[in-house]
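First the proteins, then the strands, lettered A, B, ... as listed; each starts at 1.
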2 protein chains.
Amino acid sequence: MTRTEENYIKTIFHLGGNQSQLISTNAIAEQMQTKPSSVTDMAKKLTEKNLLNYIRYQGVSLTDLGIKTALSIIRKHRLWEVFLVKKLDFTWDEVHEVAEQLEHIKSEKLIDKIDELLDFPKYDPHGDPIPSKNGDFQERDKQLLSELKTGNQGICVGVKDTSATFLKFLDKNNIALGNSIQVIEKEDFDMSMRVKVEGRNLQLSNQVSTNLYVKVLESN
Amino acid sequence: MTRTEENYIKTIFHLGGNQSQLISTNAIAEQMQTKPSSVTDMAKKLTEKNLLNYIRYQGVSLTDLGIKTALSIIRKHRLWEVFLVKKLDFTWDEVHEVAEQLEHIKSEKLIDKIDELLDFPKYDPHGDPIPSKNGDFQERDKQLLSELKTGNQGICVGVKDTSATFLKFLDKNNIALGNSIQVIEKEDFDMSMRVKVEGRNLQLSNQVSTNLYVKVLESN
DNA sequence: ACAAATTTTTAGATTTGTCTAAATTTTAAT
DNA sequence: ATTAAAATTTAGACAAATCTAAAAATTTGT
Ligand SMILES: [Mn+2]
Ligand SMILES: [Mn+2]
Ligand SMILES: [Mn+2]
Ligand SMILES: [Mn+2]
């Protein structure tokens, strides 16, 4: 598999192509910063290789082999992200770009050894689950902060927006994964909320609360 | 720079293109498992990019920029090899293939952090020197074992042949870099020699002694 | 139901790196 | 100094991945 092919497979997976749901060439083209006509060409090629199901004018979905392939690439990506943060002191906003390259290194032994070195982590620095060697993984029980009711308490467990700007914003406000968070008050006017993060009071906009995942603690 | 361009530059360096000596397109083609006509095309392109000096029908040499580029790639290659051996328990015959891929990862921060994690190693697992961040490196004072006189004593410091078969042969005979070695007797007939490695007696063929580098200990 | 808007595909061209076969230049041999 | 052999370059073609512009199919609005 070429690097380009791998990137197509990964993108289709992230767009939901595993749920046997059809993904449009337009959606793929937008995500990959390319043109729909290029996607059509690649769709045919990957169908030929039994990685995609492709119905003309309808879209594509991943075959079982395609899903397996996607999970393998995602596993590598997320393990490398953990490695960069835990072993090389990268910050969580720096790792994605480098992991985009490292995920294409072809060596089963390499990634298994990295996994072992990291003591088989379950989640990457952004809270996303890491597929195991055989491809299974459990999505964490989580909700967007914006969905919590006043008074609810939880733990920050992930981010939806993984852009460097958002991650740096969280850093600046001392919000990190693992932190406790409680909703003090919700403002109807702009959907902002006042919260307590590890005891500190903060006012968070709707744009923040709709991009931060929380695991709610059952309060009684 | 593309991965292919980087591989050309690296190959030309290894063929001696730094000594302002001209390297033939044939030699490059053989080394890279490609055709001389392909090399000619690439030579023109890399000359355009100011990485090579190219004289038609004569050959190519590296410019200063080309040498700088080559050293940067070699630095990455060798650091990754050390990483694989020291941190992930790869054997020295397994690392080259993976390092061929890892050397093309583009991130200055990544390789500098790997360097730091390894505590700034001076040599790779095969005894080859690792260029520093600014490109300078000292070739070690070494000789081929075959050049030693009877009675001479030394330390194994490197290999000329880095093929997996040779490296595994050395493993099987418990010869490792850092081991002491003394020439007991040289056989005129087939140029083989009897040696003592860390106290053990071994008979080594000429093919072995012409591929093992030794640092001679001044014996008085 | 049918025209208009949108989406998707096809056709043909481009870039990168490669190849084969033919032409050119250099080197070696007499 | 010619000629033969070897090395090197040129010309033309090809596969991969991409693009633009035009054609075809689908979806939407009334
Ligand atoms: Mn990422
Ligand atoms: Mn991530
Ligand atoms: Mn190597
Ligand atoms: Mn090496």
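A close approach under 4.0 Å does not occur between any side-chain nitrogen or oxygen of Thr25(A) and OP1 or OP2 of dT7(C). Listed pair Tyr8(A) / dT18(D) meets the phosphate criterion, a side-chain N or O lying under 4.0 Å from OP1 or OP2. OP1 or OP2 of dT10(C) has at least one side-chain nitrogen or oxygen of Lys44(A) nearer than 4.0 Å. Within the structure, a side-chain polar atom (N or O) of Tyr54(A) is placed less than 4.0 Å from OP1 or OP2 of dT9(C). For Thr34(A), a side-chain nitrogen or oxygen approaches OP1 or OP2 of dC19(D) to under 4.0 Å.
Among the atoms of the strands shown, base atoms are found under 4.0 Å from some heavy atom of Ser37(B). Across all strands, Ser38(B) comes closer than 4.0 Å to base atoms (heavy-atom distances).
Here the options are Val98(B), Thr91(B), Leu79(B), Asp89(B), the test is side-chain contact (heavy atoms from CB on, under 4.5 Å), and the partner is Leu84(B); only Val98(B) passes.
Following rounding to the nearest Å, Asn26(A) (CG) and dT9(C) (C1') show an atom-to-atom distance of 11 Å. In this structure, Lys35(A) places its NZ atom 10 Å from P of dA21(D), rounding to the nearest Å.
The Tyr57(A) side chain lies nearest to dT26(D) when the options are dT26(D), dT18(C), dT8(D). Residue Pro36(A) has its side chain nearest to dT9(C) when only dT10(D), dT18(D), dT9(C) are considered. The Arg56(B) side chain lies nearest to dT10(D) when the options are dT9(C), dT10(D), dC19(C). Taking only side-chain atoms of Thr40(A), from C-beta outward, the nucleotide of dT18(C), dT9(C), dT18(D) with the closest atom is dT9(C).
Figure legend: Arg78(B) and Tyr123(B) shown without cation-pi pairing, the cationic atom not lying both under 6.0 angstrom from the six-membered ring centre and within 45 degrees of its axis.
Taking 4.0 Å as the cut-off between side-chain N and carboxylate O, Lys106(A) and Glu6(A) count as a salt-bridged pair.
Remark: the backbone N or O of Leu148(A) is not paired with any side-chain donor or acceptor of Asn152(A) at under 3.5 angstrom.
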